[in-house]
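Some notes on the structure that comes next.
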Amino acid sequence: MRRDLESILLTEEQIRQRVRELGEAITRDYRGKAPLFVGVLKGSFVFMSDLVRHVDLPCSVDFMAVSSYGNSTKTTGAVKINKDLSQDIEGKDVIVVEDILDSGVTLNYLSKYLLNRNPASLCIATLLDKPSRRLSPVHAAYSGFEIPDSFVVVYGLDYAEKYRNLPYIAILKPEIYSNA
Ligand code: IMP
Ligand code: MG
């Protein structure tokens, strides 16, 4: 799979340090609370597991699965919920954890969907943000890195369900998806 990767955008060390900073910021900001981390499957699974290891608070985790992409690299605009939460979030401090904020369509839809269930608070933590691609207004309270408009994979992020393993963030060679 390494030969499908064009270059490394963020190294393992850069990610490790930034994820620790985000975890420490959440620990400070939620002092006295017990947040519920809601990971958006599947892309967030690596980031979320690293993030919560740096959160020194009583907290819990849950997951949702949504799809908006099929196997292409651009959003279809439609968001489908494939797996819902396994608990009531009314009165809870919810932190939605995403791998990447791109058009914002997914998180805009998901935020409204979750706010309807009356959490005490709701915010977004994303590892990566591509602000130049935003179509729906979404703000991430915790954002790891702003990146340019390239399609990236690895550390949880996929192309057509591949490349989620390995510990850095890489740019996928455009010929891999331009032939799809
Ligand atoms: P949005 O609804 O356009 O913000 O899309 C967010 C979702 O698109 C993310 O959770 C990813 O699954 C996917 N996505 C967007 N950009 C990339 C990328 O560069 N690499 C891998 N997945 C991406
Ligand atoms: Mg995703």
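As the structure lists them, so they are numbered: ligands from 1, and atoms in each ligand from 1. No experiment lies behind these values; they were computed from the predicted model shown.
At a heavy-atom cutoff of 4.0 Å, ligand 1 is contacted by no atom of S44, backbone or side chain. Of the heavy atoms in R133, none comes closer than 4.0 Å to ligand 1. Residue contacts with ligand 1 for D99 involve side-chain atoms from C-beta outward but no N, CA, C or O (heavy atoms, distance under 4.0 Å).
Two residues are said to be in side-chain contact when any heavy atoms from C-beta on lie closer than 4.5 Å; L157 and I169 meet this criterion.
Numbered from 1 in the order shown, with element, the atoms of ligand 1 that lie under 4.0 Å from a heavy atom of K130 read 16 (N), 17 (C), 18 (C), 19 (O). Applying the 4.0 Å criterion to heavy atoms of E98 picks out, from ligand 1, the atoms 10 (O). Residue T106 approaches ligand 1 through these ligand atoms, each under 4.0 Å from one of its heavy atoms: 1 (P), 2 (O), 5 (O), 6 (C). Using a 4.0 Å cut-off to heavy atoms of S103, the atoms of ligand 1 that qualify are 1 (P), 2 (O), 3 (O), 4 (O). Heavy-atom contacts of D102 reach the following atoms of ligand 1: 1 (P), 3 (O), 4 (O), 5 (O), 15 (C), 16 (N) (cutoff under 4.0 Å).
Remark: distances from the non-hydrogen atoms of S150 to ligand 1 include one below 4.0 Å. Ligand 1 does not have G43 within reach: every non-hydrogen atom of the residue lies 4.0 Å or more from it. Ligand 1 has no atom lying under 4.0 Å from any heavy atom of V153. Residue D158 places a heavy atom less than 4.0 Å from ligand 1.
Residue G104 has at least one nitrogen or oxygen atom sitting less than 3.5 Å from a nitrogen or oxygen atom of ligand 1, judged on distance alone.
Residues S121 and D93 bring a donor and an acceptor atom of their side chains to less than 3.5 Å of each other. A donor-acceptor contact closer than 3.5 angstrom is absent between the side chains of D4 and Y177.
Closest of all the heavy-atom pairs between A170 and V154 is CB-CG2, 4.3 Å.
Considering each of I100, V79, V152, L135, the one bringing a non-hydrogen atom nearest atom 21 (C) of ligand 1 is V152.
Listed by chain and number, the residues in a side chain to side chain donor-acceptor pair (under 3.5 Å) with D29 are Y142 (sequence neighbours excluded).
Q14 contributes a side-chain N or O that, together with a main-chain N or O of T11, makes up a donor-acceptor pair within less than 3.5 Å. A donor-acceptor pair is defined here as one N or O able to donate and one able to accept, closer than 3.5 Å; such a pair exists between the side chain of K173 and the backbone of R3.
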Test side-chain contact (heavy atoms from CB on, under 4.5 Å) on N82 and V66 and set out the steps.
CA-CA 5 Å; N82 299 321; V66 301; 5.7 Å; no
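Residue pairs meeting the side chain to side chain donor-acceptor pair (under 3.5 Å) criterion with at least one partner in residues 45-57, sequence neighbours excluded, are S49-R53, D50-R53, D50-Y155.
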